[in-house]
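Values reported hereafter were calculated over all heavy atoms of this structure, with side chains retained and with hydrogens, waters and symmetry mates removed.
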Amino acid sequence: MRSRAPTRKLSTNTQLYMSAQRALMRRAFSIHEMKQHLERRAEDKDLVPPVIARLRELNYLNDEKFAFDYAAQHAKLRRQGRFRIARELRARGVPDRYIDDALAKVFADTDESALVRTRVERRLVRLRGAPLDQKKTASIYRSLVAAGFSSELIRAELKRATTNHQAESTELELPDSDDSEPLD
């Protein structure tokens, strides 16, 4: 693997502003992430606050919108739970008030139990009729916790799914009563 050359330090506000715009073209940033991005590139750290202020003034950086968009995308497309989304937004430096508002808005429209149910069913399909033992159930549970769902919700959906899975597997094993011959 090739090592990267050290980034060239930028010395003017214009250069930093252009660097910020190029970064924003690739993906959205929180204010905290953009500060870090610019501080790594700035020759003088005092040049960063005016650039951040200009980006906020032009509405290129908005933590409230960033939190909502991030939460909506991760809940709907990646099927992640509220705890994981909140943890990742905190790691990106988004204030808690924006995180709480975004999660409330997103999960008002999204059924979290349906997300858990979808993930569980996908995992059970991979078993292909194999019995669901304690080890496999624990693995599913851990993956759902890592995806950010509450333990209470996971237990309820796992219980429902395992009873359905066991009923389906016993249906496959039991012969139909109409086709069996009477015992003499």
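- For the side chain to side chain contact (heavy atoms under 4.5 Å, CB included) with Leu158, the qualifying choice from Leu153, Val120, Val116 is Val120, the only one to do so.
- Applying the side chain to side chain donor-acceptor pair (under 3.5 Å) rule to Asp100 yields no partners; only residues at least two apart in sequence or on another chain are considered.
- A distance-only check finds a donor-acceptor pair linking the side chain of Gln15 to the backbone of Ser11 [under 3.5 Å].
- Comment: Arg84 engages Glu88 in a salt bridge, judged by a side-chain N to carboxylate O separation of less than 4.0 angstrom.
- Counting only residues at least two apart or in different chains, salt bridge (Lys or Arg N to Asp or Glu O under 4.0 Å) contacts with residues 101-114 comprise Arg82-Glu112.
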Show the atom names and distances, to 0.1 Å, of all donor-acceptor pairs under 3.5 Å that link a side chain in residues 47-57 to residues at least two apart or in another chain.
none

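- The closest side-chain donor-acceptor pair between Thr12 and Tyr17, if any, does not fall under 3.5 angstrom.
- Considering CG of Leu103 and CG of Leu89, their distance stands at 7.0 Å, rounded to 0.5 Å.
- At distances below 3.5 Å, at least one donor-acceptor pair connects side-chain atoms of Lys9 with backbone N or O atoms of Arg40.
- In this structure, the separation between OG on Ser19 and CG on Leu24 is 9.5 Å, given to the nearest 0.5 Å.
- Within 6.0 Å of NZ in Lys35 there are 12 or fewer heavy atoms belonging to other residues, nucleotides or ligands.
- One hydrophobic cluster, built from ILVMFWY side chains closer than 4.5 Å, cannot hold both Met25 and Leu61; they sit in different ones.
- Between the side chains of Arg123 and Ser143, at least one donor-acceptor pair of N or O atoms lies under 3.5 Å.
- Expressed to the nearest 0.5 Å, how far OG of Ser30 lies from NE2 of His37 amounts to 12.0 Å.
- Asp63 has its side chain within reach of Pro95: a pair of non-hydrogen atoms, C-beta onward, lies under 4.5 Å apart.
- At most 12 heavy atoms of other shown residues, nucleotides or ligands fall within 6.0 angstrom of atom NZ in Lys159.
- The cationic atom of Arg87 (NZ for Lys, CZ for Arg) does not lie both less than 6.0 Å from the six-membered ring centre of Phe83 and within 45° of the ring axis.
- With respect to the salt-bridge test (charged N to carboxylate O, under 4.0 angstrom), the residues Arg79 and Glu121 do not qualify.
- Counting heavy atoms from C-beta outward, Glu157 and Phe149 have side chains that stay 4.5 Å or more apart.
- Note: Glu64 CD to Ile31 CD1 = 11.0 Å, rounded to the nearest 0.5 Å.
- No hydrogens or angles considered: a donor-acceptor pair under 3.5 Å links the side chains of Gln36 and His32.
- Judged by distance alone, the side chain of Ser139 and the main-chain N or O of Lys135 form no donor-acceptor pair under 3.5 Å.
- Taking 4.5 Å as the limit, some side-chain heavy atom of Ile85 sits within range of a side-chain heavy atom of Phe107.
- For the pair Lys45 and Glu39, the salt-bridge criterion is not met [side-chain N within less than 4.0 Å of a carboxylate O].
- Side-chain contact between Leu115 and Arg119 is absent, with no heavy-atom pair separated by less than 4.5 Å.
- More than 12 heavy atoms of other shown residues, nucleotides or ligands fall within 6.0 angstrom of atom NZ in Lys76.
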Fill in: side-chain contact (heavy atoms from CB on, under 4.5 Å) between Gln21 and Tyr60, worked out
CA-CA 9 Å; Gln21 281 190 325; Tyr60 290 159; 3.9 Å; yes
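- Two residues are said to be in side-chain contact when any heavy atoms from C-beta on lie closer than 4.5 Å; Tyr70 and Arg92 meet this criterion.
- Listed here is the closest heavy atom pair of Thr110 and Val106: OG1-O, 3.0 Å.
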